[in-house]
Amino acid sequence: MLTSTTNDIHGHRIVRHIGVVRGVTVRSRNLVSDAIGGVQSMIGGRVGAYVKLAEAGRQEAFELLLEHARAAGGNAVLAIRYESNEIMPGVTEVLAYGTAVVVEGA
């Protein structure tokens with residue numbers, strides 16, 4: 001599956017637009033990550049425990065996006081974007097979305 005944050009992929013021609021596809025996950029913190037993150041935030045700098053949680057949520061949303069694109073018949077996803085929203089304290093929704101297309105080329 002080809003992916004891009006741009007509206008095209010160099011060397012490939014779009015032969016069919018399928019439409020918007022998305023991957024959504026909802027993640028929550030846990031006591032261990034909160035304890036580690038709390039200590040790291042008091043020290044200052046990068047809060048690795050929360051970075052790891054954020055990356056896991058984005059990766060899961062991205063994988064679900066690709067599954068949705070494949071199921072719709074696409075072989076590429078263009079204009080990929082991420083959004084996140086806090087649903088309640090400690091619970092975050094992560095959304096990955098883009099346009100599924102069929103491409104030919106290199």
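Numbers here simply count residues along the sequence, with the first being 1.
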Residue list, side-chain hydrogen bond (donor to acceptor under 3.5 Å, both in side chains) with Asn7, at least two apart or on another chain
none
Minimum heavy-atom separation for Val91 and Ser28, please, with both atom names.
CG2-CB, 4.0 Å
Is there any side-chain hydrogen bond (donor to acceptor under 3.5 Å, both in side chains) pair reaching into residues 62-76, and which pairs are they, with sequence neighbours excluded?
Arg22-His68, Gln59-Glu63
In the hydrophobic clustering (ILVMFWY, side-chain contacts below 4.5 Å, transitive), which residues join Tyr97, or is it alone?
Val24, Leu95
Test question: given the 4.5 Å side-chain rule for I, L, V, M, F, W and Y, name all other residues clustered with Val102, or answer none.
Val15, Ile18
Any residue meeting side-chain hydrogen bond (donor to acceptor under 3.5 Å, both in side chains) with Ser4, in chain and number order, not counting sequence neighbours:
Thr6
If you round to the nearest 0.5 Å, how far is OG1 of Thr25 from CZ of Phe62?
14.5 Å
Who clusters with Val20? Use side-chain heavy atoms, under 4.5 angstrom, across I, L, V, M, F, W and Y, and order the result by chain and number.
none
Sequence neighbours excluded, which residues qualify as salt bridge (Lys or Arg N to Asp or Glu O under 4.0 Å) partners of Arg13?
Glu104
Just to verify, what does Thr99 make a side-chain hydrogen bond (donor to acceptor under 3.5 Å, both in side chains) with, not counting sequence neighbours?
none
What is the minimum heavy-atom distance between Thr92 and Ser84, and which atoms define it?
CG2-CB, 4.1 Å
How close do Ala56 and Arg27 get, counting heavy atoms only, and between which atoms?
CB-NH2, 3.4 Å
Tell me every residue that passes side-chain contact (heavy atoms from CB on, under 4.5 Å) with Ala69, counting only those two or more places apart in sequence or in another chain.
Met1, Val21, Val77, Ala100
Apply the hydrophobic cluster definition, ILVMFWY joined by side-chain contacts under 4.5 Å directly or through others, and give me every member besides Ile9.
Leu2, Ile14, Leu78, Val101, Val103
Which atom pair, heavy atoms only, marks the closest approach of Arg16 to Gly73?
NH2-O, 3.7 Å
